[in-house]
**Student:** 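I'd like to ask some things about the structure below.
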Amino acid sequence: MKKICISELKNHVGESVTLYGWLYNKRSSGKLRFLILRDGTGYLQCVTFKNSVSPEVFEFTDKLTQESSFEVTGTIREEARATGGVEMDVADLKIISHAGEYPITPKEHGVEFLMDHRHLWVRSSKQVAILKIRHRIVKAIRDFFDERGFTLFDAPILTPAACEGTSTLFETPYFDLGNAYLTQSGQLYAEAGAMALGKVYTFGPTFRAEKSKTRRHLTEFWMVEPEVAFNDLNDNMDLAEEFLEYIVQSVLADRQEELKILERDVKFLEAVKRPLPRITYDAAVEILHKNGVEFEYGNDLGAADETIISNQFDRPVMVHRYPSEVKAFYMKRDPENPKLALAVDVLAPEGYGEIIGGSQREDNLDLLLERIKEHNLPEEAFSWYLDLRRYGSVPHAGFGLGLERTVSWICGLDHVRETIPFARMIYRNTP
RNA sequence: UCCGCGAUAGCUCAAUGGUGGAGCAUUCGGCUGUUAACCGAAGGGUUGCAAGUUCGAGUCUUGCUCGCGGAGCCA
């Protein structure tokens, strides 16, 4: 027999069906029991009258504790008073497994307690909604690139050295070859892929051993990084804005119910349409000065600065052409002003900060060698990367989008720890 | 690493230096339409750890541990 789930019930009104799931909540009133069943696809109120079931079944309803698993059979009926629009009149019920006292009650809990019970917290309705939106965003990311002729080009997670040289890396012994490091970016490998396949993207976990302790940071997070041969900075920004529009509009099209559960004000999301505003770093600094911020030209933008800048716009804003000194070694200099890098950061609205960082890459061998020396990076570790400039170097560009920051922004959350099933942070690696 | 805040029942929080309470959860009882249901009752405590001040410390002082928020760094 084909199993039916709660999300399909609108097609089964008037039928008798059997459902499997867990008890989300229960209310009782004399000879009446309201059992809220959840099965991962939705919630259903199962109404049990004492007179319409056997005494044994009615007794079961009192034994069902929160999160007990059970099988329930009954008739599906349209019901305006029910949240999902349908209800079940229970005819039969079997307990699959009785749950002990469940730690997460319908009342409020603190962050520490919930994170300690993350393996159970993911059952809660808001967490389920967030994880479904995360999945939809991941699908949008894959669809977007797949539909545009990109090839998925998986980068290694164990790497011999720093990709960018700046951040701290997680280190692990690697047989007789000394230490290996968990990747902080697949980008350099993606560049090799772009020279082979033209348009590629990497999508996988990324690791930063920085002692960051903010609502925007995880030590393990997912990043998607497209890299395109023959693209310049403008092409890169065109791609980024089309990409962001596609992601947000996909979620709006398919995940309205989940956004409602999260009480997300979708007007901020509906505004995410091309073109996205593009301003230079110089213009961004001007905005800061106009708002009375004492900002020294040449510094990188801080979190508070990003919020002030993004608050000027109703949609994500692209800030491009940063001082090259605050950016990575592989970024190409602006031919019209060598003090600037052909970099672009995309700042999400509502103070969510940087969700994309990208650039046109330095394609000249000699200049790249110079940069590696300036940054005191070990040249031999980058010899394979330099080969990309020795054998048919071309202009190319790409960017990285942080998945969890994007989910956090689209869901309107106040911390990225809820955007991934099991967050890894500086003071937490359990459960 | 630095700055700020915090730790009291299973959970969320109260308690003027003077007998540690409430709501939820649990158990029992009541209710035929509940929406974090409601009403009644019961059980539940080494106040994060260690020392100090005091006749007396959950409360004041010092140290430690753990957590939360922010900065820097970044996606």
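First the proteins, then the strands, lettered A, B, ... as listed; each starts at 1.
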**Student:** Checking A:D92 now: which residues fulfil salt bridge (Lys or Arg N to Asp or Glu O under 4.0 Å) with it, not counting sequence neighbours?
**Tutor:** none
**Student:** At under 4.0 Å between heavy atoms, which parts of nucleotides 64-72 of chain B does protein reach? Answer with one letter per nucleotide, 5' to 3': B base, S sugar-phosphate only, - none.
**Tutor:** ---SBBBBB
**Student:** A:D39: what forms a salt bridge (Lys or Arg N to Asp or Glu O under 4.0 Å) with it, not counting sequence neighbours?
**Tutor:** none
**Student:** I'd like the P distance from B:U47 over to B:A51, given in whole Å.
**Tutor:**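 Approximately 14 Å lies between the P atom of B:A51 and that of B:U47.
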**Student:** Distance check needed: B:A75 P versus A:E227 CD, whole Å only.
**Tutor:** 14 Å
**Student:** Mind checking salt bridge (Lys or Arg N to Asp or Glu O under 4.0 Å) for A:D334 and listing every partner two or more places apart, or none if nothing turns up?
**Tutor:** A:R321
**Student:** Calculate the interatomic distance between A:Y352 atom OH and B:C74 atom C1'; express it in whole Å.
**Tutor:**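 Distance, rounded to whole Å: 18 Å.
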**Student:** Restricting to side chain to side chain contact (heavy atoms under 4.5 Å, CB included), what partner residues turn up for A:D146, sequence neighbours left out?
**Tutor:** A:R142, A:Y201
**Student:** A:D62: which residues meet the salt bridge (Lys or Arg N to Asp or Glu O under 4.0 Å) condition with it, sequence neighbours left out?
**Tutor:**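 Residues passing salt bridge (Lys or Arg N to Asp or Glu O under 4.0 Å) with A:D62: A:R33.
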**Student:** What integer number of Å spans the P atoms of B:G4 and B:C64?
**Tutor:** 14 Å
**Student:** Show me the dot-bracket string of RNA chain B, counting Watson-Crick or G-U pairs under 3.5 Å, with | for pairs to another strand and [ ] for crossing ones.
**Tutor:** (((((((..((((....[..)))).(((((.......))))).....(((((..]....))))))))))))....
**Student:** A:A304: what forms a side chain to side chain contact (heavy atoms under 4.5 Å, CB included) with it, not counting sequence neighbours?
**Tutor:** none
**Student:** Using atom types as modelled, flag every donor-acceptor pair under 3.5 Å from a side chain in residues 53-61 of chain A to any protein atom, sequence neighbours excluded.
**Tutor:**
from: A:S54; atom 1: OG; to: A:V57; atom 2: N; distance (Å): 3.2
from: A:T61; atom 1: OG1; to: A:F58; atom 2: O; distance (Å): 2.5

**Student:** Of the residues in residues 118-147 of chain A, which ones touch RNA chain B at a heavy-atom distance under 4.0 Å?
**Tutor:** none
**Student:** Under 4.0 Å, heavy atoms only, any strand: does A:E87 hit a base, just the sugar-phosphate, or nothing?
**Tutor:**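 Touches a base.
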**Student:** Rounded to whole angstrom units, what separation is found between the CD atom of A:Q187 and the C1' atom of B:A75?
**Tutor:** 12 Å
**Student:** Separation of A:F399 atom CZ from B:A75 atom P, in whole Å?
**Tutor:** 13 Å
**Student:** Determine the Euclidean distance between corresponding P atoms of B:C13 and B:G6; express it in Å to zero decimal places.
**Tutor:** 13 Å
**Student:** Say you pick atom P in B:A75 and the same atom in B:U62; how far apart are they, in whole Å?
**Tutor:** 41 Å
**Student:** Using a strict cut-off of less than 4.0 Å between a Lys/Arg side-chain nitrogen and an Asp/Glu carboxylate oxygen, indicate whether A:E79 and A:K10 qualify as a salt bridge.
**Tutor:** no
**Student:** Please list, in numerical order, the residues of residues 26-62 of chain A that have a heavy atom closer than 4.0 Å to any atom of RNA chain B.
**Tutor:**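 Contacts with RNA chain B under 4.0 Å: A:R27, A:S28, A:S29, A:G30, A:K31, A:L32, A:F34, A:Q45, A:F49, A:N51.
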**Student:** List, one per line, each side-chain donor-acceptor pair under 3.5 Å for residues 291-299 of chain A, sequence neighbours excluded.
**Tutor:**
from: A:N291; atom 1: ND2; to: A:I287; atom 2: O; distance (Å): 2.8
from: A:Y297; atom 1: OH; to: A:D282; atom 2: OD1; distance (Å): 2.8

**Student:** Mind checking the P distance from B:G45 to B:G63? Whole angstroms is fine.
**Tutor:**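 Comparing P positions in B:G45 and B:G63 gives a spacing of 33 Å.
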**Student:** Output the rounded distance in Å from CZ (A:F221) to P (B:C73).
**Tutor:**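 After rounding, the gap between these two atoms is 16 Å.
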**Student:** What integer distance in Å separates A:H109:NE2 from B:A7:P?
**Tutor:**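 Computing the A:H109:NE2 to B:A7:P distance gives 19 Å.
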**Student:** Taking the basic N atoms (NZ, or NE/NH1/NH2) and the acidic carboxylate oxygens, is any pair closer than 4.0 Å for A:K273 and A:E245?
**Tutor:**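 Looking at A:K273 and A:E245, the cut-off is not met.
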**Student:** So, for A:F329 and A:F382, is the gap between ring centers shorter than 6.0 Å?
**Tutor:**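 For A:F329 and A:F382, the ring centres are under 6.0 Å apart.
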**Student:** What is the separation between atom CG on A:D345 and atom P on B:A75, rounded to the nearest whole Å?
**Tutor:** 7 Å
**Student:** Whether the A:T105 and A:H109 side chains hold a donor-acceptor pair (N or O, under 3.5 Å, no angle test) is what I'd like checked.
**Tutor:**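 There is such a pair between these side chains.
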**Student:** Please report the distance, rounded to the nearest Å, between CG in A:L218 and P in B:C73.
**Tutor:**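 The answer, rounded to whole Å, is 19 Å.
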**Student:** If you assign A:Y102 and A:R405 each to the RNA chain B nucleotide with the nearest heavy atom, which residue ends up on the more 5' nucleotide?
**Tutor:** A:Y102
**Student:** Going by atom types only, do A:Q360 and A:D232 share a side-chain donor-acceptor pair under 3.5 Å?
**Tutor:** no
**Student:** Between A:F203 and A:W222, what is the ring plane arrangement, given parallel below 30°, perpendicular above 60°, and tilted in between?
**Tutor:**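 Because their plane-to-plane angle is over 60°, the rings of A:F203 and A:W222 count as perpendicular.
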**Student:** Angle between ring planes, A:W384 versus A:Y189, binned at 30° and 60°: parallel, tilted or perpendicular?
**Tutor:**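 A:W384 vs A:Y189 ring planes: parallel.
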**Student:** Indicate, with a heavy-atom threshold strictly under 4.0 Å, whether A:I356 touches base, sugar-phosphate, or nothing.
**Tutor:** sugar-phosphate
**Student:** Take atom C1' in B:G52 and the same atom in B:G40, then report the distance between them in whole Å.
**Tutor:** 48 Å
**Student:** If we take the C1' atom in both B:C74 and B:G17, what is their distance in whole Å?
**Tutor:**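 The answer is 49 Å between these two C1' atoms.
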**Student:** Could you work out the separation of B:G43 and B:A22 based on their P atoms and round it to a whole Å?
**Tutor:** 11 Å
